[in-house]
Amino acid sequence: MIRALFAATLCLFAAPSVAEPLPRLAIIIDDLGYQRDAGRRALALPGPVSFAVLPQTPRGPELARAAYEHGKDVLLHLPLQAIAPDGTFQPATLTLDMSRGMFGDAFAAAFESVPFAIGVSSHQGSLLTRHPGHMSWLMEELAARGSLIFVDSYTTTKSVAVRMAREAGISATRRDVFLDHDPSHAAIAYQFARLKRLAASRGTAVGIGHPYPTTLTFLERELPTLQADGFELVPISRLLESNARMARAAAGGTATR
């Protein structure tokens with residue numbers, strides 16, 4: 001009897017169990033700035049989706065401002081030189097033949113054209129992101145503007161962008177999944193399931209999509225079900241904070257995920 005009472009007393013004072021955090025997903029919609037209707041529809045997606053706005057575009061400032069007013073993360077979607085350009089001209093593209101001064105001026109003009117940007121994501125860049133010198137220049141520009149973040153769209157496995165960002169003290173990550181490289185419904189569904197599997201196995205994952213009608217229709221239906229499926233949708237800035245805490249914990253710090 002005494003033993004049972006003692007056990008019951010211990011239960012009363014036992015520390016409450018702490019639920020494991022849900023796997024976190026960040027979804028970024030790229031290439032905003034040209035189409036108002038598609039951009040507005042993207043901004044209306046449920047939950048804390050993040051948005052990457054191309055510089056010096058006719059609708060870019062308007063859409064960036066609207067995203068900010070809705071409490072969404074805004075990124076400058078910075079064009080970087082590709083190995084095989086798609087033939088479309090994109091203002092403010094940073095290229096390999098630029099001097100350091102030209103590079104800085106072009107970055108400043110691009111950054112100033114997207115209000116409320118909390119960081120930068122790369123647009124294309126299969127050539128420039130593999131060059132440590134130019135990526136160091138880019139990180140110098142980010143560092144000079146405070147605590148900006150960087151997301152590598154990761155269009156080449158030879159990219160050194162995230163490594164150079166972290167060496168410069170910039171909070172950075174790379175894309176895990178392109179949701180709509182093939183914009184068919186079946187392909188998007190497959191990539192979305194893959195994104196969830198990665199998040200479940202690693203704790204976090206980053207997906208990038210575009211304001212295509214099929215992508216937006218899919219996300220309008222699927223995003224509201226994420227929490228019931230055991231996932232948390234977070235802004236890209238919060239996912240990077242989470243990754244930083246996990247890295248500190250893995251290194252022997254006291255922070256937890």
Side-chain angles (χ1 to χ4, degrees), residues 26-34 50-57 60 64 73-114 117-145 148-183 191 205-212 215 236-237 239-240:
I27 294 177
I28 303 169
I29 302 297
D30 273 1
D31 293 359
L32 296 187
Y34 285 105
S50 304
F51 298 95
V53 180
L54 289 162
Q56 300 175 15
T57 50
D73 279 358
V74 177
L75 300 172
L76 161 64
H77 196 37
L78 183 66
L80 304 177
Q81 188 176 0
I83 293 174
D86 60 11
T88 59
F89 171 73
Q90 179 56 53
T93 300
L94 303 183
T95 61
L96 199 58
D97 60 356
M98 286 180 168
S99 67
R100 179 65 182 91
M102 293 169 61
F103 190 100
D105 290 345
F107 178 86
F111 190 75
E112 290 165 9
S113 75
V114 178
I118 63 164
V120 168
S121 67
S122 56
H123 175 65
Q124 299 186 352
S126 56
L127 177 62
L128 207 68
T129 58
R130 64 178 67 196
H131 284 270
H134 286 68
M135 289 301 96
S136 293
W137 292 353
L138 177 57
M139 302 316 157
E140 288 171 4
E141 295 296 333
L142 268 64
R145 289 164 174 81
L148 298 182
I149 65 174
F150 177 76
V151 179
D152 186 359
S153 296
Y154 201 59
T155 55
T156 173
T157 57
K158 296 181 179 179
S159 174
V160 298
V162 169
R163 175 168 64 85
M164 302 312 296
R166 289 173 177 166
E167 288 180 4
I170 303 294
S171 184
T173 191
R174 69 172 177 86
R175 179 269 315 166
D176 295 298
V177 172
F178 275 127
L179 296 174
D180 50 11
H181 182 71
D182 174 351
Q191 295 298 343
V206 178
I208 289 178
H210 300 82
Y212 304 147
T215 305
I236 186 62
S237 58
L239 182 135
L240 278 166

Whether the side chain of [X] engages the backbone of [Y] through a donor-acceptor N/O pair (distance < 3.5 Å, no angle test) should be reported.
X: D180; Y: D182; result: no
X: D176; Y: G207; result: no
X: S126; Y: I83; result: yes
X: T155; Y: Q124; result: yes
X: D31; Y: H210; result: no
X: Q81; Y: L96; result: yes

For W137 and H134, take the angle between the two ring planes, folded into 0 to 90°, and tell me which bin it lands in: parallel under 30, tilted 30 to 60, perpendicular over 60. tilted
I would like to know whether M135 and L80 meet side-chain contact (heavy atoms from CB on, under 4.5 Å); could you show each step before the answer? CA-CA 10 Å; M135 289 301 96; L80 304 177; 4.2 Å; yes
Before you tell me yes or no, could you show the steps for L78 and H123 under side-chain contact (heavy atoms from CB on, under 4.5 Å), namely the whole-Å CA-CA distance, both residues' side-chain angles and the distance that decides it to 0.1 Å? CA-CA 5 Å; L78 183 66; H123 175 65; 6.0 Å; no
Distance-minimising heavy-atom pair for [X] and [Y]:
X: P55; Y: P91; value: CG-O, 4.0 Å
X: L32; Y: F51; value: CD1-CD2, 3.6 Å
X: M139; Y: A168; value: CB-CB, 3.7 Å
X: Q56; Y: A92; value: NE2-CB, 3.9 Å
X: D152; Y: A161; value: OD2-CB, 3.7 Å
X: A52; Y: D30; value: CB-OD1, 3.3 Å

Take T129 and T156, measure what side-chain contact (heavy atoms from CB on, under 4.5 Å) needs, and give me the verdict at the end. CA-CA 8 Å; T129 58; T156 173; 3.5 Å; yes
Interatomic distance, [X] atom [atom1] to [Y] atom [atom2] [nearest 0.5 angstrom]:
X: T215; Y: I27; atom1: OG1; atom2: CD1; answer: 10.5 Å
X: I236; Y: T173; atom1: CD1; atom2: OG1; answer: 6.0 Å
X: F178; Y: S153; atom1: CZ; atom2: OG; answer: 5.0 Å
X: L75; Y: I149; atom1: CG; atom2: CD1; answer: 5.0 Å
X: T93; Y: L128; atom1: OG1; atom2: CG; answer: 10.0 Å
X: I29; Y: L179; atom1: CD1; atom2: CG; answer: 7.0 Å

Check R175, H77, R174 against S121 for a side chain to side chain donor-acceptor pair (under 3.5 Å) and give me the one that passes. H77
Report yes if the side chains of [X] and [Y] come closer than 4.5 Å at any heavy-atom pair, otherwise no.
X: Y34; Y: L54; result: yes
X: H131; Y: V160; result: no
X: V206; Y: L239; result: yes

Derivation of the side-chain contact (heavy atoms from CB on, under 4.5 Å) call for V177 and I208: CA-CA 6 Å; V177 172; I208 289 178; over 6 Å; no
Would you give me the side-chain donor-acceptor pairs under 3.5 Å for residues 99-110, sequence neighbours excluded?
residue	atom	partner	partner atom	Å
S99	OG	M102	N	3.2
R100	NE	E140	OE1	3.3
R100	NH1	E141	OE2	2.9
R100	NH2	E140	OE1	3.0
R100	NH2	E141	OE2	3.0

